[in-house]
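In listed order, ligands and their atoms are each counted from 1.
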Amino acid sequence: MKVRVRFAPSPTGPLHMGGVRTALYNYLFAKKHGGDFLLRIEDTDQKRFVPGAQEYIIDSLKWCGIEPNEGVGYGGDKGPYIQSERMSMYQPYIDQLIESGHAYLAFDTSDDLERMRDQAKEMGLPNWQYNGVTRSSMKNSLSLSKEEVEKRLANGDPYTVRIKMPRNTDIKLEDEIRGWVTVNTNNLDDKVLVKETGMPTYHMANIIDDHLMEITHVIRGEEWLPSAPLHVFLYDCFGWDRPRFAHLPLILRPDGKGKLSKRDGDKLGFPVFPLDWMSAEGEKYSGYKEGGYFSKAFVNMLALLGWNPGDNKEIMSLEEMVELFTLDRVGKSGARFDPDKTKWFNQYYLRSTSNEDLADLLRPLLDEAHQGLETSYLAKICELMKERATFIQDILVEGDYFFNAVTVYDDKTVSKKWKEETPLIMAELLAELKTIKDFTTKNIETVFSAYLAKKEYGFGHVGPGFRLLVTGKGMGPSMFDICATLGKDTVISRMENGIDAINALKAANQ
Ligand code: GLU
């Protein structure tokens, strides 16, 4: 049988990185088995529908490179793939459940239900449930006479449809990650399958769609594990083959204390969403993309949040992950999110990106005045700076002297390294540099070394002042490379103007 898996988010807001991980594992599993990966939008809870969320989900999956091959926006012959467009398809199945005695109509209003809950609470039973014990005292098609039910229906009284959970029956299901799970039906309630509005609930629509879309494996977050017994019970009621289930572990906060929530990110200083999201209330949630992360780094990090390939391998392309992915290597316990590790992945991907590609990524970050810079110049800067950068933006910040005149000199370096004799040494070095015709890394280095040898100076005696003049900083890549990249005119003028500027600074600080 062809493997078919689905990612079935509800468009209730932006897609959390936990959701992206669920999509990723589904994608990896499908590709590994030569199967299909579907995107289905579960929007039966219209009250929680958030405009723009569906588009956000699709854009996020695209950015991550984990695109479905069937579903919303991708087509396929099992559509429509948006649940609110499938309403007419659900009714025959609901009727079937009622006719076979597995479901019944319940006329209780929300006030009735509240009253029952309050009464139970007063009697010391805080968790009142609509179930095999209580249903006989409620207003439903099992407790009311046939005539009464017909009268209510003719009258147009609103009703819900509930599952008739049997008493004291063990429901067993085998989870690919957790092994056998057994739940006794005495712990389950008669869940609503169809709301008063006629809209099926998540449970009903979800299993009918999984069946009709021929889903073979349901891979989803752990928060759905409590619903799984109801789901397998529904499959059994219909006499349908159950899909296999795999419930993924939670993603925990970096301190390990609880689930990583939507609000944690901006509070703790890292994104929890793939892309930026602006809520209707004007609240901004930051995303990995806009935060300067490579999607490859984000996806690589996510893959290892709950799964490992069996050795210590960490850097993996999507293709390698597909090759290595198995559900039996997904852990049961919560996976702690590590923002520093995520940065480490980004650093790795930044370093392994070609200088030309980095230049293309850098250009949109440059202001108008710098748009005329040649790509080869930007690529050279990227080559020099990438070992020191975690994000593309770091190249701009750390390498600002490649773009702008030096106006600020690092205080610490000025006070420690700009000695009394430094101005004279710099003037001598400047004179030597002026003699270079072809201002290449090699020629600059040769002249610089010859000067040190002639004067019997150590590098530390000359290097820091030289760097300070040309870059304003105390640290950075090779000065010879920097100078060759900046060009002779810029280096000479920075040295000429800088000596006096630093002298003045030094004097002012004394
Ligand atoms: N609509 C559910 C969600 O938003 C899907 C759960 C499932 O995959 O069955 O997560």
Side-chain angles (χ1 to χ4, degrees), residues 3-30 35-50 52-58 60-61 66 68 70-72 78 80-87 90 163 173 175-178 181 191-193 195 199-235 238 240 242-251 259-262 272-274 277 302 306 327 330:
V3 163
R4 286 175 57 85
V5 295
R6 81 311 191 264
F7 178 48
S10 299
T12 54
L15 186 61
H16 181 265
M17 64 193 233
V20 183
R21 188 196 56 175
T22 300
L24 173 64
Y25 286 10
N26 273 286
Y27 172 91
L28 296 177
F29 188 79
D36 293 323
F37 170 46
L38 286 73
L39 174 64
R40 181 173 74 223
I41 295 292
E42 301 206 325
D43 60 346
T44 55
D45 193 350
Q46 294 282 320
K47 275 195 258 133
R48 295 183 61 213
F49 178 83
V50 171
Q54 181 179 314
E55 293 71 16
Y56 180 96
I57 292 164
I58 294 173
S60 298
L61 298 183
I66 48 177
E70 184 176 329
V72 183
K78 301 267 185 291
Y81 295 91
I82 300 180
Q83 286 186 329
S84 58
E85 293 172 11
R86 297 173 65 79
M87 285 307 134
Y90 300 125
I163 186 76
L173 71 115
D175 187 273
E176 302 283 312
I177 296 165
R178 277 142 225 280
V181 177
K191 279 263 176 312
V192 172
L193 301 177
K195 293 178 237 183
M199 183 74 106
T201 57
Y202 152 72
H203 304 292
M204 187 79 266
N206 181 274
I207 77 120
I208 295 174
D209 286 348
D210 280 349
H211 174 71
L212 295 178
M213 293 178 186
E214 295 173 10
I215 298 302
T216 57
H217 295 74
V218 169
I219 304 170
R220 62 186 172 190
E222 183 179 279
E223 64 274 27
W224 300 104
L225 187 59
S227 303
L230 169 64
H231 295 179
V232 300
F233 181 71
L234 283 166
Y235 277 96
F238 283 116
W240 295 338
R242 301 173 179 186
R244 313 278 308 171
F245 287 90
H247 289 90
L248 307 174
L250 290 177
I251 297 181
K259 193 176 153 183
L260 184 66
S261 79
K262 296 193 173 197
V272 288
F273 296 100
W277 169 263
L302 269 187
L327 284 173
V330 175

### Query
Out of Asp36, Asp209, Asp210, which residue meets the side-chain hydrogen bond (donor to acceptor under 3.5 Å, both in side chains) rule with Arg6?
Asp210
Identify the protein atoms, limited to N or O, that lie within less than 3.5 Å of an N or O atom of ligand 1, and list each pair with its distance to 0.1 Å.
residue, atom, partner, partner atom, Å
ligand 1, 1 (N), Ala8, O, 2.8
ligand 1, 1 (N), Ser10, OG, 3.0
ligand 1, 1 (N), Glu42, OE1, 2.6
ligand 1, 4 (O), Ser10, N, 3.2
ligand 1, 4 (O), Ser10, OG, 3.1
ligand 1, 8 (O), Arg6, NH1, 2.7
ligand 1, 8 (O), Arg6, NH2, 3.4
ligand 1, 9 (O), Arg6, NH2, 2.9
ligand 1, 9 (O), Tyr202, OH, 2.9
ligand 1, 9 (O), Asn206, ND2, 3.0
ligand 1, 9 (O), Arg220, NH1, 2.8
ligand 1, 10 (O), Trp224, NE1, 3.2

### Task
Would you list the pairs meeting side chain to side chain donor-acceptor pair (under 3.5 Å) in which at least one residue belongs to residues 218-234, sequence neighbours left out?
Arg178-Glu222, Tyr202-Arg220, His203-His231, Arg220-His231, Arg220-His247
### Message
Which residues pass the ring-ring contact (aromatic ring centres under 6.0 Å, His included) test with Tyr25, not counting sequence neighbours?
### Response
Phe325
### Closest heavy-atom pair and its distance - Pro9, Arg40
CD-O, 3.3 Å
#### Entry: Residues forming a ring-ring contact (aromatic ring centres under 6.0 Å, His included) with Tyr235, sequence neighbours excluded
none
### Message
Quick one, Thr201 and Lys191 - any side-chain contact, counting heavy atoms below 4.5 Å?
### Response
no
